[in-house]
Amino acid sequence: MSLQKKATLIASLCAIVLALIKFMVGLASGSVAVLSSAIDSLMDFAISAFNFLALKKSSQKANENYNFGFSKIEALMGLLEGVFIVGVGVFIFYESILKIYNKEEIKDLNLSIYVMIFALLVTFFLVLFLNHVAKKTQSLIIQSDALHYKTDCLSNACTLGSLILIYFTNLHIIDAIFGIVISLYTAFSAFKIIKKALAFLMDQALSKDQVDRICALIASNHEVISYHDLKTRKTPNCNYLSVHLVFCPIISLLNAHKISDDIENGIRKMFHDEKWEIQIHLDPYDDEEQERQRQ
């Protein structure tokens, strides 16, 4: 089992355990804040479980119907989770406003504080683990999951802080104020994931720096007269490149093929920490204008 799949399974297990504990304590203490946190943990479980299924599907090999594989499923899940995080932020904001309006109070603060301390510790170590996996695998799903649980960790911390302040001041409006702050942070923090996921889904080109270095590598080979139709795109786990290289018409196919292999190997070596799918078309003359007319 891959590290990404293990991470989503661990996240799912932590989320369902926290959800069950929070539900029991929330019902016993009459704390709406803890019950809201339990609902959030239950949704965390659903998202992490769905992420596991998405990773399993995205790792499948290409077939005759999907020639480029299923890697975009990961970007799609990142987009959906980003939208979900914004929805959670709106929900928390709405609940906070209701608490202010209805002047709700918590019956058993001690039990609520204890369960939030436990939830904070579990979520904190889970975020550290997910961040480690995200840096190691560069998985967009794990990155969005880490952001999700980071937001959850902050929510737990703020909920705990508000409960402690209420314990000493008896000002129950503090809980709602903290909730509003959390909701704003939650919504805005999701936009980065949404933007990144959309870039993958819209086939955004590689960075200008990468493209410039590739162009310089191609231009450094004197056997290549010119090149055109250089196109790039990326998915969460692979970069795609296609280009037409123009050679002298009398060059042997064997020699032209060797040069294209050298260029391909040079690109892979230059960006050795990334996976590549490279297609190089060999032209005996510059047919860029003809290609453009056919498009």
Side-chain angles (χ1 to χ4, degrees), residues 2-4 7 54-55 58-59 62 67-82 85 130-147 150 188-247 256-283 286-289 291-292 295:
S2 67
L3 183 58
Q4 297 102 304
L55 281 171
S58 65
S59 63
N67 300 155
F68 292 97
F70 301 89
S71 59
K72 280 193 176 183
I73 290 179
E74 189 170 345
L76 179 60
M77 282 306 305
L79 175 63
L80 293 177
E81 188 161 349
I85 294 172
L130 291 175
N131 280 333
H132 169 72
V133 176
K135 289 179 181 179
K136 190 172 183 178
T137 64
Q138 296 298 311
S139 169
L140 183 62
I141 282 183
I142 304 300
Q143 289 178 29
S144 59
D145 229 16
L147 173 61
K150 181 180 177 182
F188 285 107
S189 64
F191 288 133
K192 185 177 181 181
I193 288 293
I194 294 175
K195 182 179 179 181
K196 191 172 184 179
L198 283 174
F200 287 135
L201 292 172
M202 297 296 291
D203 290 333
Q204 184 181 47
L206 301 179
S207 67
K208 185 177 183 302
D209 176 65
Q210 284 182 298
V211 174
D212 287 344
R213 292 173 66 182
I214 292 171
C215 291
L217 176 64
I218 295 174
S220 66
N221 194 301
H222 301 297
E223 296 284 349
V224 179
I225 297 175
S226 64
Y227 63 91
H228 55 273
D229 282 350
L230 192 154
K231 299 177 182 179
T232 65
R233 68 182 179 92
K234 64 189 304 182
T235 63
N237 55 12
C238 187
N239 295 336
Y240 291 83
L241 166 70
S242 65
V243 63
H244 288 223
L245 303 181
V246 180
F247 294 91
H257 189 272
K258 181 180 181 302
I259 293 170
S260 66
D261 281 346
D262 290 340
I263 292 174
E264 180 176 339
N265 292 333
I267 294 172
R268 296 183 187 278
K269 185 177 180 180
M270 187 182 299
F271 306 101
H272 58 86
D273 57 340
E274 301 179 52
K275 182 180 178 182
W276 287 85
E277 287 287 343
I278 301 175
Q279 294 182 346
I280 298 179
H281 183 78
L282 311 180
D283 284 340
D286 191 340
D287 60 352
E288 181 178 7
E289 185 62 32
E291 290 286 342
R292 186 180 296 110
Q295 291 177 356

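Summarising the geometry, atom CG belonging to L80 is positioned 10.0 Å from atom CD1 belonging to I194; distances are rounded to the nearest 0.5 Å. With rounding to the nearest 0.5 angstrom, the NZ atom of K234 is 6.0 Å from the CG atom of L206. Atoms CG and SG, from D212 and C215 in turn, are 6.5 Å apart once rounded to the nearest 0.5 Å. With rounding to the nearest 0.5 angstrom, the CG atom of L230 is 9.5 Å from the CD1 atom of I280. Taking CG of D262 as the reference point, atom NZ of K269 lies at 11.5 Å (rounded to 0.5 Å). Taking OG of S226 as the reference point, atom NE2 of H244 lies at 11.5 Å (rounded to 0.5 Å).
With sequence neighbours excluded, the residues satisfying side chain to side chain donor-acceptor pair (under 3.5 Å) with S207 are Q210. Applying the side chain to side chain donor-acceptor pair (under 3.5 Å) criterion to R268, with sequence neighbours excluded, gives E264.
Between N239 and F271, the closest side-chain pair of non-hydrogen atoms is not below 4.5 Å. In this structure the side chain of V246 reaches within 4.5 angstrom of the side chain of H228, judged on heavy atoms. Counting only heavy atoms from C-beta outward, the side chains of V224 and I263 approach each other to under 4.5 Å. Considering only heavy atoms from C-beta on, H281 stays 4.5 Å or farther from V243 through its side chain. Using a 4.5 Å cut-off on side-chain heavy atoms (C-beta onward), Q204 and R233 make no contact. Here the side chains of L245 and D283 are not in contact, with every heavy-atom distance at 4.5 Å or above. In this structure, the side chains of I259 and F247 come closer than 4.5 Å at one or more pairs of heavy atoms.
Minimum interatomic distance between A134 and I142 (heavy atoms only, all atoms of both residues): N-CG2, 3.7 Å.
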